[in-house]
Structure formats: structure tokens, C-alpha cells
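Worksheet: one structure, shown below.
Order of the sequence lines fixes the chain letters, A, B, ..., with proteins taken first and strands second; residue numbering starts at 1 for each chain. Predicted model only: the values in this text are computed from it and were never measured.
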Protein chains: 2
Amino acid sequence: MATRRLGTETAKTRYVLLDAAESLMRESGYAAVTSRRLAAQAGCKPQLVHYYFRTMDDLFIALFRRIADAIFARQAQALADPQPLGVLWELMSDPADVVLHHEFIALANHRKPLRAEIAAFGQQYRANQQEILARAVPAGSPVSPPALAVIGELVARGMVLERALGMDAGHAEAATAVAALLAALADTAPPR
Amino acid sequence: MATRRLGTETAKTRYVLLDAAESLMRESGYAAVTSRRLAAQAGCKPQLVHYYFRTMDDLFIALFRRIADAIFARQAQALADPQPLGVLWELMSDPADVVLHHEFIALANHRKPLRAEIAAFGQQYRANQQEILARAVPAGSPVSPPALAVIGELVARGMVLERALGMDAGHAEAATAVAALLAALADTAPPR
DNA sequence: GTCTATAATCAGATAGAC
DNA sequence: GTCTATCTGATTATAGAC
């Protein structure tokens with residue numbers, strides 16, 4: 001019913017459940033995030049999941065928002081940093097974030113309520129990236145800031161995912177080539 | 001039991017089930033591929049899925065191999081084509097393939113039997129790409145063939161996935177920049 | 001405000017019937 | 001060789017107890 005009661009957003013157990021969901025999703029994929037496994041990981045009963053989150057979709061949305069907020073905060077840091085490109089590259093190459101985002105996109109593919117949320121995040125994230133790059137890239141750069149954002153992000157994230165599968169042929173050379181494009185990034189170490 | 005009987009690999013129903021699985025996976029994600037939904041889509045009973053494929057993992061592996069074989073065949077075509085880079089770019093940008101591969105990677109994240117299969121495919125696929133590029137790229141190219149393979153592939157695939165979410169900021173410029181890297185690709189239209 | 005008992009449904013898999 | 005009846009367990013979700 002619409003009158004069903006739910007736990008408060010500040011409850012400690014709610015945080016623990018979100019932590020468990022994040023961990024499960026990262027390590028075993030979104031399909032492993034079930035009320036039972038979640039409860040087992042968090043040390044509570046499966047029904048509690050539905051007390052704090054009416055549906056599983058609600059839980060995924062809450063988790064996504066928590067992660068998105070953290071990423072936006074790191075982007076804001078990059079904007080304030082004297083070496084914004086290095087911070088940006090680290091953010092794009094963070095394996096934990098990359099794997100989670102990959103899972104959320106797969107999730108969005110068959111959970112309609114999540115699609116809008118994830119798409120909106122992606123657009124804001126990219127817009128922030130492009131703003132950071134527009135300020136940091138020298139005017140005479142051969143590639144425009146918007147293009148740099150797309151290429152840097154996609155290559156960085158893609159290499160993280162490939163590496164997780166044991167693929168790394170051409171990675172070092174690709175990273176060098178992208179770093180060359182990101183001229184100001186030249187003095188920053190390329191990702192491992 | 002180990003003695004349990006299975007349907008033959010040439011049975012028509014087996015193909016219909018694989019087709020249904022491919023379609024379901026593309027449109028609704030791997031988690032939607034259950035014996036029940038599969039049967040509904042294929043017009044048969046759920047138990048038949050387990051007659052033709054002992055486990056769901058077996059089904060996913062059979063489907064992956066069928067798709068992988070088709071992709072290797074297209075790579076062979078690219079190698080024989082007078083304009084190999086255009087064929088290669090089309091192959092990398094095929095939305096159907098990109099979405100499916102994305103799903104399989106997510107699946108590999110929590111289905112151990114699939115990991116080895118998908119990783120091996122990825123490595124062979126990349127090696128083929130690099131061979132095609134090594135033959136097609138002029139000797140004086142500023143970026144090495146291995147790096148070109150990584151960058152081209154990751155940018156092409158990434159843009160397909162972003163577009164599916166309604167993101168396209170910077171895509172046109174990124175495609176132009178990658179096309180510039182792929183010097184011989186200059187006369188081929190960039191992807192939409 | 002916090003949690004539990006319970007319902008209804010769906011999933012994967014197998015032994016056995018045609 | 002092809003398919004079905006059926007079992008066991010997991011999953012989401014709700015109404016109601018503390």
C-alpha cells in the first residue's frame with residue numbers, strides 16, 4: 001500500500017545496507033545484489049532491506065545517488081586543483097568507480113526507473129569534465145576540450161575494464177598517445 | 001546426474017533458443033535471460049531450455065561462441081578488404097555488438113565459467129585488430145598500430161554506449177580527432 | 001521507530017514419460 | 001530423440017508484531 005512505513009534516511013542500518021550493496025555489486029555484479037545476500041553481508045534479516053528501501057530499484061537509485069554525489073565532489077576538487085588534469089585522469093581511471101559504473105549501465109538496460117537517473121548523471125559528469133578541460137587546456141591545443149573529455153574518459157575507463165579481464169596489449173602505448181593529446185598532462189604519470 | 005541426456009547441437013529448437021536469448025539479452029540485459037522468459041520468447045516450455053543446455057551458463061557460453069565466431073569472420077573480411085580501416089571502424093561501432101559485448105562483460109564479472117571464455121576472445125580480437133592496423137597504417141604514422149587499436153576501439157564502443165543513454169556531447173569532435181589519428185580512415189565517414 | 005512472520009511468485013535443475 | 005511433470009530453493013514484497 002501507499003501508506004506502508006519506511007525507515008528513516010539517517011538510520012545507521014540504512015548506511016550499512018548501502019555499503020553492503022556497493023561491495024556486493026563491485027565484487028559480484030548487480031545480479032548478486034538480492035535482499036538475501038545483502039542481508040547476509042550486512043548482518044541483518046532480508047526483510048529489513050524492504051523496510052529501508054521499498055523496492056530493490058529504490059535501493060539501487062539510492063546507492064547510485066550516493067556514488068554520484070561523491071564523484072561530483074571529486075570533480076569539484078579537480079576544478080580547484082592547480083593540476084586539474086592529473087586529478088581528472090585519476091578520477092576517470094579509478095577501478096572501483098569504473099567497475100561500478102559499468103554495472104549500473106548494465107542495470108539501466110533492464111530497469112527503466114534507473115535509466116533516467118544514470119543518463120542525467122552521465123550528462124552532468126561530462127559537462128563538468130569539459131568545463132575543467134576548457135580551463136586547463138592551452139588555447140592552441142590541436143584537439144578541442146570536448147573531444148579530449150570524450151577520448152580521455154573512454155580510453156581510461158575502457159583500459160580499466162580490459163585490464164580486469166587480463167587484457168593489456170597496446171595499453172601502455174595508448175596511454176602515452178592520450179597523454180600526448182592532453183598536453184598539460186605530460187608531466188603526470190600515465191595510469192598503470 | 002552426469003548421464004543426463006541433452007538435445008543435439010543441430011536441433012532447430014536449439015537455434016531458436018539461442019536467437020531468443022540474444023534478443024532478450026540485447027533488449028533487456030543478461031538478467032532477463034531466464035529459462036521462463038526465454039521459453040516464452042521462443043514459444044516453448046521452460047524445461048526445454050535445460051534440455052538443450054544443461055545449465056544457464058552453458059547457454060551463455062554457447063551464445064557467446066556463436067557471436068564471437070561471427071565477429072572473427074567479419075575481422076577476416078576486414079583483413080581482405082581494400083579499405084580495411086573502414087570495415088574495422090564499422091565493426092567496432094556496431095551498436096548490436098557493442099551492447100551485447102557490454103552485457104557479456106558484466107556477466108563475466110560474476111560468472112566464473114564465462115570469464116576465461118570472454119577474456120580469451122578479447123585477446124584474440126585485439127590481436128587481430130592490431131594485425132589489420134599494422135598492415136593498413138602507413139609506416140610514418142605518429143601513433144603505433146597497437147595504440148590505434150586500443151584508442152579506436154574504446155572510443156568507438158564507448159560512444160555507442162553513451163549514445164544509447166542519450167549522451168553525445170563532444171562525440172562528433174572526438175570522432176573527428178580519432179579519424180585524424182587513423183590517417184587512412186580520413187576518407188571514411190565518421191560514425192553518426 | 002524498528003524489525004519479523006508470512007505470502008506469492010519465480011528461478012534453476014532433474015528424473016522420467018512419450 | 002524430444003519433451004513434460006515436478007522438486008527444491010531463492011526472491012520480492014507486504015501486513016502486522018514488538
Does B:Arg5 make a side-chain N or O approach to OP1 or OP2 of D:dC3 shorter than 4.0 Å? no
Nearest to side-chain heavy atoms of B:Leu48, which nucleotide of C:dT4, D:dT4, D:dT12: D:dT4
Using a cut-off of strictly less than 4.0 Å, decide whether A:Arg37 has a side-chain nitrogen or oxygen near OP1 or OP2 of D:dA10. no
May I ask you to evaluate whether B:Thr8 reaches the phosphate of D:dT2, defined as a side-chain N or O under 4.0 Å from OP1 or OP2? yes
Separation of D:dG16 atom P from A:His50 atom NE2, nearest Å, is 18 Å
Does B:Arg54 have a side-chain nitrogen or oxygen under 4.0 Å from the phosphate oxygens OP1 or OP2 of C:dG12? no
Are OP1 or OP2 of C:dC10 and a side-chain N or O of B:Arg36 less than 4.0 angstrom apart? no
Starting at CG of A:Leu38 and ending at P of D:dA13, how long is that distance when rounded to a whole Å? 13 Å
Suppose we call a contact any N or O donor and acceptor under 3.5 Å apart; does that hold for the side chain of A:Gln47 and the base of D:dA13? no
Heavy atoms, side chains only, cut-off 4.5 Å: are A:Val33 and A:Leu63 in contact? no
Is there side-chain contact between B:Tyr15 and B:Arg66, with heavy atoms separated by less than 4.5 Å? yes
Proximity to the side chain of A:Met56 - top-ranked nucleotide from D:dT6, D:dA13, D:dT2: D:dA13
Run the numbers on A:Gln123 and A:Arg126 for side chain to side chain donor-acceptor pair (under 3.5 Å), then give the verdict. CA-CA 5 Å; A:Gln123 281 164 344; A:Arg126 175 61 42 79; over 6 Å; no
Under 4.0 angstrom between B:Tyr52 side-chain N/O and D:dT2 OP1 or OP2: no
Whole-Å distance between D:dA13 C1' and A:Leu6 CG? 12 Å
Candidate nucleotides C:dT2, D:dT2, D:dC3, ranked by approach to the side chain of B:Thr13 - the nearest: D:dC3
Verify the contact: side-chain N or O of B:Tyr51 to OP1 or OP2 of D:dC3, cut-off strictly under 4.0 Å; return yes or no. no
Distance check: side-chain N/O of A:Thr34 vs OP1/OP2 of D:dA10, anything under 4.0 Å? no
Rounded interatomic separation in angstrom, taking CG from B:Leu24 and C1' from C:dA11: 15 Å
Provide, to the nearest angstrom, the distance between the NZ atom belonging to B:Lys12 and the P atom belonging to D:dG1. 19 Å
Check: B:Leu91 and B:Gln77 side chains under 4.5 Å, non-hydrogen atoms: no
Nearest to the side chain of A:Lys45, heavy atoms from C-beta on, is which of C:dT4, C:dG12, D:dT2? C:dT4
Taking OP1 and OP2 of C:dG12, is either one under 4.0 Å from a side-chain nitrogen or oxygen of B:Ser35? yes
With B:Tyr125 as partner, the option from B:Gln130, B:Gln75, B:Glu153, B:His101 fulfilling side chain to side chain donor-acceptor pair (under 3.5 Å) is B:Glu153
